[in-house]
Amino acid sequence: MQRERIVNLRSEAQVGKEFWVMGWVRTFRNDQFIALNDGSCLGNLQLVIDRDSTPDSIKKRLTTGAAIRARGMLEASQGKGQSTELRVSELDILGDANPETFPIQMKRHTMEFLREKAHLRFRTSTFGAVFRVRHALNFAVHRFFTEQGFFQMHTPIITGSDAEGAGEMFQVTTLDLNDVPKNAEGHVDFAEDFFGKTANLTVSGQLEAELGAMALGQVYTFGPTFRAENSNTSRHLAEFWMIEPEVAFADLASNMRLAEDCLKFILRDALATCDEDLEFLENREIESEKQLPQDQRHDQPLRARLQAVVDAPFQHVTYTEAIDLLRQSKPFKKKKFKYPVEWGIDLQSEHERWLVEKHFGGPVIITDYPAQIKAFYMRQNDDGKTVAAMDVLVPGIGEIIGGSQREERLDRLQAKCAEFNIPEDHVWWYLDTRRFGSAIHSGFGMGFERLVMYVTGMTNIRDVIPFPRTPQNAEF
RNA sequence: UCCUCCAUAGCUCAGUUGGUUAGAGCAUCUGACUGUUAAUCAGAGGGUCCCUGGUUCAAGUCCAGGUGGGGGAGCCA
């Protein structure tokens, strides 16, 4: 008989049939009840063993974390916590978990402790829920873009391009760092390196995605991205996953619609398919917020917040309007902002938070930023001062999406390269798209882990990726 | 990288103006009980008080440096 997953054994319809189940013991109570979890869902299956006929040698090994298999008849539960339970007729220990040394207990652990046990934290309800939701979100992303007629494009992980400009890069080399070849000037001779030139891990697939969009019409990337920034925050990783759609013949307005449709589709999908996990995460959030002062707690529970985002249109505001709003705000007048607010400066976290959490109270798209604080490839607006950029900000996370209409005019783009000190021979292939059949096009980047944080209510990005990579930490 | 807080039992934490044998809950072990829901009850074991140095008659407690971690900021997704 094949094993049945626990997710399929919780409905009364299966009662009266015999099943094999395999999983890991969460608790063993009363010499009789095993709470078994196999990862297929948040909930456990209660196994009922016969107290008298089960030998003590087996009972002693039914410790938290042990892997077991059991055969038995599914029955309607006599107890209150579950609808069904398995009356066990055969039981084997597959793998013991020494209770003296197994670190995961059937109690609340801190996230910090579990982070150091990242290889075992999957065994907890919280991380089981987070990673099931992560998968659902991942799948929803692919479904959204596929249904919209996009093609996924696998952009390179190792890149020879050094002009992406999105952040510090990790260098990739096969040179012996203890004995690097030197050229005549005494510099490292990268002609000797694997690719015959310097190479790095990608910081963005956008430039390559643009090349694809200018032929396939609409493409998206969904892959790992690497930034060697020395960022130590709850919102940054050195290795993270990013979704980057790129659409030909699309202006900024349709780019904004795409971003809004995309987010809403994904949230709607998660609400529909992950309710049990989201309910657990919602209660977890409520519990952990009990230690916070009232004004730092969410005023709505997790699922209601997500539903509200799905139901309401995103607010739009230009950068210039946002600056005006900020200058009229209470914290500005009372000089509560630490950083100045004036046209031309980049919005600081405190400003974004006021806009999104206090003023708009929901997702907001800020558009048309000053050219000098944005990337070289963004399309210059007619006012000559701003570019067709957009950032989608959400409460609690901040920027979850950043995008723009791309500069499609060769002369403007060349001028920008000069301004940003990007040698044209480094981006000749990128400029070629503007030389041959150039067309307006737009795209954006969405940080996948930030999306997972937003949906799960987790407050540290290290807890929504299995093995976080951060400065000074690459364990596991 | 900057600011700030923290480090005591397997886990979560308490530990008084520096003072004699460092505590609790949970977990673990032993026993009892037995339709339990993080079962309950009784008992037991368990400590390099992060590391190095300093002040002092005396340091878990004070000081300096280091390491690790949290929160915030910058950079960004």
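Keep in mind that this is a model prediction, so the values were computed, not measured.
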According to side chain to side chain contact (heavy atoms under 4.5 Å, CB included), who are the partners of [X], at least two apart in sequence or on a separate chain?
{"X": "R132(A)", "result": "L42(A), A129(A), D277(A)"}
{"X": "Q105(A)", "result": "K107(A), H109(A)"}
{"X": "D299(A)", "result": "none"}

Has the side chain of [X] got a donor or acceptor atom sitting under 3.5 Å from an opposite partner on the base of [N]?
{"X": "E85(A)", "N": "rG35(B)", "value": "yes"}
{"X": "Q82(A)", "N": "rU36(B)", "value": "yes"}
{"X": "S231(A)", "N": "rC76(B)", "value": "no"}

If the condition is salt bridge (Lys or Arg N to Asp or Glu O under 4.0 Å), which residues does [X] pass it with, not counting sequence neighbours?
{"X": "E260(A)", "value": "K264(A)"}
{"X": "E276(A)", "value": "R10(A)"}
{"X": "R69(A)", "value": "D92(A)"}
{"X": "K290(A)", "value": "E287(A)"}

Worksheet, complete the sentence: I400(A) atom CD1 is separated from rC76(B) atom C1', nearest whole Å, by 14 Å
Worksheet item: Restricting to pairs with a member in residues 338-351 of chain A, which pass side chain to side chain donor-acceptor pair (under 3.5 Å), not counting sequence neighbours?
Response: T320(A)-W343(A)
Identify all side-chain donor-acceptor contacts of residues 364-371 of chain A below 3.5 Å with residues at least two apart in sequence or on another chain.
residue : atom : partner : partner atom : Å
D368(A) : OD1  : N381(A) : ND2          : 2.8
Y369(A) : OH   : D391(A) : OD2          : 3.3

Discussion item. Counting only side-chain nitrogens and oxygens, does R121(A) get under 4.0 Å of the OP1 or OP2 atom of rC11(B)?
Written reply: no
Worksheet item: Just checking H109(A): base, sugar-phosphate only, or nothing, at a heavy-atom cut-off of under 4.0 Å?
Response: sugar-phosphate
Would you list the protein and nucleotides 7-10 of chain B atom pairs, both N or O, that sit under 3.5 Å from each other?
residue : atom : partner : partner atom : Å
rG10(B) : N2   : Q105(A) : OE1          : 3.2
rG10(B) : N2   : Q105(A) : NE2          : 3.2
rG10(B) : N3   : Q105(A) : NE2          : 3.3

Response to the item:
Numerically ordered, the residues 46-58 of chain A set in heavy-atom contact under 4.0 Å with RNA chain B is Q46(A), R51(A)
Discussion item. Take N1-N3 plus N6-O4 or O6-N4 for Watson-Crick, N1-O2 plus O6-N3 for G-U, both under 3.5 Å. Which runs of 3 or more such pairs involve RNA chain B?
Written reply: B:1-7 with B:67-73, B:10-13 with B:23-26, B:28-32 with B:40-44, B:50-54 with B:62-66
Worksheet entry | Test salt bridge (Lys or Arg N to Asp or Glu O under 4.0 Å) applied to R305(A) and E282(A), E285(A), E357(A), the passing residue | E285(A)
